[in-house]
Every structure is written in structure tokens, then in C-alpha cells.
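What follows is one structure encoded as C-alpha cells, with my remarks underneath.
Residue numbers start from 1 in every chain, and the chains themselves are labelled A, B, ... in the order their sequence lines are given, proteins ahead of strands.
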Amino acid sequence: MGVADGPQHKSDSPGDAESVPRHLSPSQQARNVRAFSAVVARFRESLLESPKALAFARDLVGAFADSEVSGGPTKSEVWALIVERRRPQYGQEFFDSRWAIFEHYDAIQPYLAKKHQQRYALHPAVGPATLVHERLRRHRGIDELVGLLDETRSLIGQPTRDRASIEFNLQYCRQMLTVYAIHLERLVAVASIRDLAAEQREHNHPGLSTRVKQLNEEVSGFFPGDHTLDHHAVALVSAEQRYQQALTAAGQRVIDQGGRSLDFEVLSAEEYLEAARHAPLALLSQFGDDLVVDPPAAWLDAGALMETVEDFAPRVRIRSRPPMPQVPQEPDPAQRMVEARTRERSRQEHLAERVLLEGEEADLTDELRRSRWRTSARLLADLMGLDADPYAPYQLRIAIEVIVDRIGWVTYLHPVYLSRRTGGQQVQPLRRREHGRHDAL
Amino acid sequence: MTLSDPAYLLASARAQGFVDLTDVPEQTVEAAQRLALACGRRLVTCEGPLPTPTAAAGQPGALRSGMTLGWSVPPVPEDAASYPVRRLSATQSVTFAVCLAAAWHDVHHSLYPGERFRRADVVDTLREIGADPRAVYAAIDTDLHLLLLICHDGRYLRLGPAVAALPDTFTEALRRVYDQLPRPRESITIRPEDEEP
């Protein structure tokens, strides 16, 4: 990771036109670069932590690139180019001292391998080293981690997949994330609020969780059944979650402690709101000590008062009748019975009229004998009903003789005569009925 | 800012509605009165509870004499509309009108200080009128006291310092419509004052 053979220089703020937005404080950046360069530092104090070093490196790269002198520029030409185009913030002594160190580390080499050579060329590794150091000024190195994740994903996507390197990458990402998480947890436990707040800015990479998740899915997709790789990918996901938890805890601690001590330089607008809600009352009441109160006096206008008195009416709640419920019209059972009775009666009368077409009296014995038992019983019942009805003008007479028929359906019956009743025979039906009951079947 | 400063006296009279005169020297009061008259206000002697209901969070003290800031000459707030005042709601106005009628027995006398009246009479009258009882209780127990329109006097009620602060035009206008004020029953008002309720 990183360029190992570039010269060790630390950098903070750039001095030239293409300055990268600075998010970390200078002390943060210095700490980053020190930890970063500890990988290849030989002596204890061999690191340059001033801001001008990175500016020098960038200016040098730009000057060597822009110089169109064939055979390479001389040192004074480079200095002239830098002064002319790059507006450096350092003096020539600084330039000379840095040049000497770069020469010692072979970053600046003579163009021809001859003695007393005045023309130089720049080792291309200075450029990438400058890039890496600039990235250290933005985030501590979370970009490197994200870059490694992307590289692993592209490795997986290629047809020539190198399983060993993928495994190594997964393990290394997980270890880096775990180290980040442990670092954050340590800070949450012991650091001050400002350090925590500054620390939060270093970890601001929104795509980290998404990338880890996607990487996990791709590993399972492209290496089905490979349990070791699966295990590494899952461990990576859990390390990332631990990292996110530590990040949230750090943020929470900033809000909590910042709110408690009402350290308003640390709080954002949202945290002001939190402090307003949860800070103790005694603390918030200090804001009211200097307020002036001028309560309005009551004003009474005689005219308005009398108007109110006259217009005053008690508010009576008018109870309105609830709406009539819509009842569906169901058939009335009593009505049904009456209608059925009427229908029955009319059927019987039609029957009687059909029978009495020829004259006033009809002999229904033959009809009864010819019919089946059920039909004749029905007919007899109808006639009896007609006879019993005092409003129907019919009259039934059943004779005493019994006709026994062994062959027919109706095996025994009496002769039955139906006649039309006239007005004068009202009394008789009663007697006839009683009489008929004795003789009936 | 001490009690001997007329500006302080005027400011506390305005902020609290009623100020105690126990330790204030005479010249201060006169100076404050002159200043008030110059602005269209005046200091009126009255009796009011100390500490005031607003300051005492509901437990006002006994009546003592003091001063309140009243209105003297026009323009009064209704003309100028420049001074923010608090106006009463409908139920509060009717409640206060009944209290006025109960306290103002003789139309030829001035409105303030008036007679003592009983809370029960006022509440009964209002119930007959048909006012919402909860609003009436809120008005007669809390709102009118906070506005210093009425105040406690032992077991009775009295008109408060804010009534003394009202200008004379108010009294004149009310004299004309005195008969229309809803008053408690006659039998109650002619009862002698020293009878126990």
C-alpha cells in the first residue's frame, strides 16, 4: 500500500493554486503522515512535517513536466520555472535544502550519468507519492480501504480470478476495518470532544457499507461453495458493522457530552435543538435573566362591554333528530298468510263455478269415484271449506248411503252434491255441517 | 434605580399593575405623577392585593393601598391603536359586567371602589343568563384576578386596581346604560353589609 521508495516528506497545507479542500486540522494531518511513514522510516526524527514539503514536491513535479528543455533542466532553471508559474510560499534556501535531500534519495537524478552533470530528471515515483500524501490530508486512509475493496471487486469480475490474492485482500480489508474500529472505540473511551469531532470528519466515506455488502454478495456469487472465502467475506461484513457502531458511538458521545457541557462551539444546529430539549432547566433558565417583561393591561370599552352583554346568548345545543333508519321492506308474514288464504279461496270458488256451470246443483260423486284417492280427498276438502265459509254461496250435501268400490281407487265414499246457496238458506249450513260431521268419511 | 426614582416607580407600576407606596417618598410620587400626566397617564390611588396574583402565583396577599397607572386624557388606546392592550372574551366581559353591577350600587357615585359583593351572587346570575359555567369559573377565579379587575377582600370580592385605572369616559358611558347591566337580585343587594354570608 502506497509508494515505499519515495522520499519521506510530510505535508499539510498546499501553497499553490490547485489546493485540495482541507478537512483535517494540521495536527491531524501531521499525525496521519507520521503514522503513515512509520512504515519505512529508519530514524526517529527523519520526517519533515511542515506544510511546505508537499508544496515543494508538487511544484517540482510541475516544473519538471513543464520544462521543454531537451536534456533536462538545470537546478536554477527549475527554480526559475517554479517562481514564474507556481507562486511558491517558500524561499530558495528551502528549495536548495529539499533539492539536496531529493538528490540523496535519487528522486532527482542527473540526466546523463556523468560527473558534474548540471541537468536533471525527476523520478516518476514522486508524483504518486505526492498523490498519496494529499489523500492523507483529506481522510486518514479510508480512501485506500475503499480503493482496495473496489480493486477486489474488479478482480472477482475478471475471468482470470486469482483466488489467493482475493483471499488476501479480503483478510486485509477486514483487519484494517477492525483496527479502525478499535481505534474509534479507544477514542470514545478516552479522547476529548474536539478530538472526537475531528476524528469523525476523517471517517466520512458514505459508500463504505454498500461496497462491503456488494463485495460479500459477489464473493458468494462467483465462488459458490468456497467456505473459506465465504467466511472471510462474512468476517469482513461484521468488521464493517463494528466499525459503523464505533462511529455512531463516537458521534453520540459528541452530542451527549457537548450537550451536557453546552459546549456550543462543538454543536451543530441539530445539536442545539437537542440541548434545548434535554439540557437541565437551571442551565437554560440563565438565558431569561436579562429579559424584560411588559404585560398588557386590560382595557374595557363601555360601548363594547354593553354590546357584549346585550348580544350574549347562551349557547344551546340543539339536539337534532337522528335520521330515520332505512329499513328494507321485508315481506310481512301476516300479510303472506292473508294472501295465501285469499288465493286458496279464489281457487276453490273457481273450482265450484266450474262444477256449477250447468245448473244450480251438481253431483260430484262420479268425479270423486273416478279420481285417485289424493285428488278426491283434495276436492272434498275444498268443497267442505267452501261450505264452511259463511260468505261463500255454496253448500255441500253428503248423503247417507255408502258406496263401496273394491276395484277403483276411491274404495268407499258417500254421494256428494254441491249446490249454490241462496239467501234463505243461511241457517241450514250449520245444521248440515253438524249432520255432515256424523256422516263424513 | 431605587424607589426614589420616579421613572422606576412608573415602570414598576406599569409592569406589575399595582405598586406599593410604603417606602416611597412624597416627592417621588409627585414627580412621577407629573411625568405621567405629561404622557396621558396618571397615577391613581387604590387598594389592591400585594403581592399581585401574577407575582404570587395564585396566592395574592391582603389589600393595601398603593397606586396604579391609569389613563387620563385622550387619546386612549382605542383611538390610537398603538398601545397593545388585552381585551376580554365574551364570557369574561359578561362576568365582569355582572361584578360591576353588583359593586356599583349608586350610579351617582364613582365606579371605584364600589361595594363588596359575593362570588356566589355573580355565579348565580350568570347561570341564569346561561353562560358556560366552566368559563365563568375560570373568569371569576383566575382571569379577572390576574388582570387586577377584581380582587379578594376576605370572603367577598371587590373591584380591583385596574378598574381605578380606567378613564373617566368609561364611567360616563356606563352611567348611561346603568340599567341594562345584568345585576344580581334586588333582595341580595339590600341585605346589610355586616351580615354573615
Side-chain angles (χ1 to χ4, degrees), chain A residues 255-265 267-325, chain B residues 11 13-17 41 52 54 68-71 76-79 83-98 100-101 111 126-132 135 143-144 146-149 160-163 165-167 169-178 180-182:
Chain A
I255 293 178
D256 287 346
Q257 192 140 331
R260 243 179 275 135
S261 60
L262 280 187
D263 193 357
F264 288 109
E265 297 167 44
L267 303 184
S268 67
E270 193 54 46
E271 290 150 357
Y272 265 106
L273 202 55
E274 278 299 315
R277 284 197 193 122
H278 299 303
L281 189 61
L283 209 52
L284 287 180
S285 65
Q286 293 169 8
F287 291 107
D289 282 345
D290 303 327
L291 290 180
V292 178
V293 175
D294 185 13
W299 176 251
L300 285 167
D301 175 33
L305 187 67
M306 292 320 296
E307 257 184 57
T308 316
V309 168
E310 279 162 14
D311 294 340
F312 190 81
R315 280 201 327 198
V316 177
R317 190 182 299 170
I318 300 175
R319 299 193 55 177
S320 62
R321 188 192 200 90
M324 261 327 236
Chain B
R14 169 163 164 159
Q16 288 182 299
R41 313 286 294 262
T52 51
T54 24
T68 181
L69 200 57
W71 302 91
V76 287
E78 55 183 340
D79 300 339
Y83 184 75
V85 288
R86 175 173 300 187
R87 299 191 190 265
L88 301 181
S89 74
T91 313
Q92 289 169 344
S93 306
V94 177
T95 312
F96 181 65
V98 175
L100 268 184
L111 185 53
L126 283 166
R127 194 181 317 133
E128 284 173 30
I129 295 178
D132 180 22
D143 297 335
L144 293 182
L146 285 178
L147 295 171
L148 287 176
L149 284 170
V163 182
L166 291 172
T169 48
F170 181 78
T171 318
E172 296 296 327
L174 269 190
R175 275 212 182 97
R176 286 196 286 270
V177 291
Y178 179 71
Q180 296 170 29
L181 282 175

Check whether B:Leu181 gets within reach of chain A through its side chain, its backbone, both or neither, counting any heavy atom under 4.5 Å. both
Closest heavy-atom pair, B:Gly130 versus A:Phe312, reported as atoms and distance to 0.1 Å, is C-CE2, 4.5 Å
A:Leu305 CG to B:Leu174 CG distance, which is reported to the nearest 0.5 Å: 6.0 Å
Of the backbone (N, CA, C, O) and the side chain (C-beta and beyond), which part of B:Ile129 lies under 4.5 Å from a heavy atom of chain A, both, or neither? both
